[in-house]
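Structure, as structure tokens:
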Amino acid sequence: MSPPDTSLSREEPDLALELAGVHAYLGESHILQGVSLRVPRHRVTVLLGRNGVGKTTTMRAILGLVRRTGRITFAGADIAGEETHDIVARGIGYVPEDRDVFHGLTVGENLRLAVRRGGQPRHDLVFELFPELKKRTKHLAGTLSGGQQQMLSLARGLLNDNELLLVDEPTKGLAPVVVREVVEVLERAAGQTTVLMVEQNLAVARRLADHIAVMVDGAVVLREPAGRLAEDDGAVRAYLSVGSAVSGASS
């Protein structure tokens, strides 16, 4: 059987990011099995898949945080051989799955640490998107709720004028009311940059995505415009083996 066609149609816009035949390893484990993926500029691409199929490893491979081979092209340059700090300096922001805020530092200090050297931090944008954080700049990040910590993690990713934002499971572990708040912020943030996002909540993915890619066993097996996949609910669920989506995110 020939491999699935995950390429862009001719009508789609230019690319911010392209992965071609990317393999990645964690220790001796071969996690990514030749991932190929195209991420259109100024669009939201959501990466779906069951736990353990390589979604987070794909994000980490882009950033050079794991051993990998293959071609990774960002803004026309092959970055597969570069170090993480050089990749980030090109204009890629990262919102990790576990948020990674510094609990012993204040909200303001967390934001200051995220400012890229020589850049112009977008504090006005961040505080417009996250007014609660503006009120809590002197509060220790460890005293924030899980939802507020997620907002802080997103704020750090948006503080710099990144060309690409990698967001890993932003709604994981959050109550439905907080999921709605995060989704609303992500909708607004999506207008500022290209987004590649990992998400388990199918309703959130459909609300935010312009394109959806599905991973199975370390490879992308399906990539379609979100609207087209919405018409074929059975195909997506067959790959994901998911039940009904989390309530409150599909409005």
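Computed from a predicted structure; not experimentally measured.
For His85 (side chain) and Ile87 (main-chain N/O), no donor-acceptor pair under 3.5 Å exists by modelled atom type. For Glu18 (side chain) and Leu15 (main-chain N/O), no donor-acceptor pair under 3.5 Å exists by modelled atom type. Under a 3.5 Å cut-off, the side chain of Arg122 and the backbone N or O of Asn160 do form a donor-acceptor pair. Although no hydrogens or angles enter the test, the distance criterion places no donor-acceptor pair under 3.5 Å between the side chain of Asn201 and the main chain of Thr171. When atom types are taken as modelled, the side chain of Lys55 and the backbone of Gly49 share a donor-acceptor pair closer than 3.5 angstrom. Without hydrogens or angle criteria, Thr73 side chain to Gly76 main chain gives no donor-acceptor distance under 3.5 Å. Without hydrogens or angle criteria, Asn110 side chain to Thr106 main chain gives a donor-acceptor distance under 3.5 Å. Under a 3.5 Å cut-off, the side chain of Arg223 and the backbone N or O of Arg38 do form a donor-acceptor pair.
Paired with Arg207 under the rule side-chain hydrogen bond (donor to acceptor under 3.5 Å, both in side chains), one option of Glu199, Glu187, Glu184 passes, and it is Glu187. Screening Glu83, Glu82, Glu163 for a salt bridge (charged side-chain N to carboxylate O under 4.0 Å, His left out) with Arg90, the sole residue that qualifies is Glu82.
Between Thr58 and Leu47 there is a side-chain heavy-atom pair separated by less than 4.5 Å. Looking at heavy atoms from C-beta onward, Thr194 lies out of side-chain contact with Leu165 at the 4.5 angstrom threshold. Side-chain contact between Ile62 and Phe74: absent, with no pair of heavy atoms (C-beta onward) separated by less than 4.5 Å. Proximity of Val198 to Val167: side-chain heavy atoms (C-beta onward) are nowhere separated by under 4.5 Å. Side-chain contact between Leu19 and Ser36: absent, with no pair of heavy atoms (C-beta onward) separated by less than 4.5 Å. Counting only heavy atoms from C-beta outward, the side chains of Lys172 and Asp98 never approach each other to under 4.5 Å. Side-chain contact between Glu132 and Met151 is absent, with no heavy atoms from C-beta onward closer than 4.5 Å. Within the 4.5 Å cutoff, the side chain of Pro40 has no heavy atoms near those of the Asp14 side chain.
Nearest heavy-atom pair, Ala219 versus Gln33, reported as atom, atom and distance to 0.1 Å: CB-O, 4.1 Å. The shortest heavy-atom contact between Gly157 and Val95 is CA-CG2, 4.3 Å. Heavy atoms only, all atoms of each residue included: Leu140 and Gly104 are closest at CD2-O, 3.4 Å. Shown here for Ile212 and Ala209, the closest heavy-atom pair between the two residues is CG1-CB, 3.7 Å. Here the shortest heavy-atom pairing between Ala189 and Leu158 reads CB-CD1, 3.6 Å. Contact record, Val179 with Leu174: CG2-O, 3.6 Å, taken as the closest heavy-atom pair.
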- request: Give the intermediate values and the outcome of side-chain contact (heavy atoms from CB on, under 4.5 Å) for residues Asp161 and Gln192.
  value: CA-CA 8 Å; Asp161 188 13; Gln192 306 293 325; over 6 Å; no
task: Determine, stepwise, if the pair Thr56 / Asp168 fulfils side-chain contact (heavy atoms from CB on, under 4.5 Å).
output: CA-CA 7 Å; Thr56 293; Asp168 196 352; 2.7 Å; yes
field: Pair Tyr94-Arg156, side-chain contact (heavy atoms from CB on, under 4.5 Å): steps then yes or no
entry: CA-CA 9 Å; Tyr94 182 40; Arg156 293 187 310 181; over 6 Å; no
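Thr193 and Asn162 form no side-chain donor-acceptor contact under 3.5 Å, judged by distance and modelled atom types alone. Between Arg99 and Gln149, the side chains place no donor N or O within less than 3.5 Å of an acceptor N or O (distance only, hydrogens not considered). Residues Arg43 and Thr45 bring no donor and acceptor atom of their side chains to less than 3.5 Å of each other. There is a side-chain donor-acceptor pair under 3.5 Å between Gln200 and Asn51.
Cluster membership check: Leu105 does not share its hydrophobic cluster with Leu144, using side-chain heavy-atom separations under 4.5 Å among Ile, Leu, Val, Met, Phe, Trp and Tyr. Under the 4.5 Å side-chain heavy-atom criterion for Ile, Leu, Val, Met, Phe, Trp and Tyr, Leu26 and Leu166 are members of the same hydrophobic cluster. Phe127 and Val185 fall within the same hydrophobic cluster, where Ile, Leu, Val, Met, Phe, Trp and Tyr residues are linked whenever their side-chain heavy atoms come under 4.5 Å apart, directly or through other members. Linking Ile, Leu, Val, Met, Phe, Trp and Tyr residues whenever their side-chain heavy atoms come within less than 4.5 Å places Val66 and Leu196 in a single cluster. Each of Tyr25 and Val35 belongs to its own hydrophobic cluster when Ile, Leu, Val, Met, Phe, Trp and Tyr are linked at side-chain heavy-atom distances under 4.5 angstrom.
Distance check: His139 NE2 to Thr137 OG1 gives 7.5 Å after rounding to the nearest 0.5 Å. Atom CZ of Arg188 and atom CD of Glu128 lie 4.5 Å apart (nearest 0.5 Å). Atom CD1 in Ile72 sits 6.0 Å away from atom CD1 in Ile79 (nearest 0.5 Å). To the nearest 0.5 Å, the span separating CG on Leu222 from CE on Met215 amounts to 12.5 Å. Between Ile92 atom CD1 and Leu17 atom CG the span is 6.5 Å, to the nearest 0.5 Å. A distance of 5.5 Å separates CG of Leu111 from CG of Leu152, quoted to the nearest 0.5 Å.
Ion pairing between Asp78 and Arg71 fails under the 4.0 Å rule for side-chain N and carboxylate O.
Aromatic ring orientation, His23 versus His30: tilted (interplanar angle from 30° to 60°).
Within a 6.0 Å sphere centred on CG of Asp100, heavy atoms belonging to other residues, nucleotides or ligands number more than 12.
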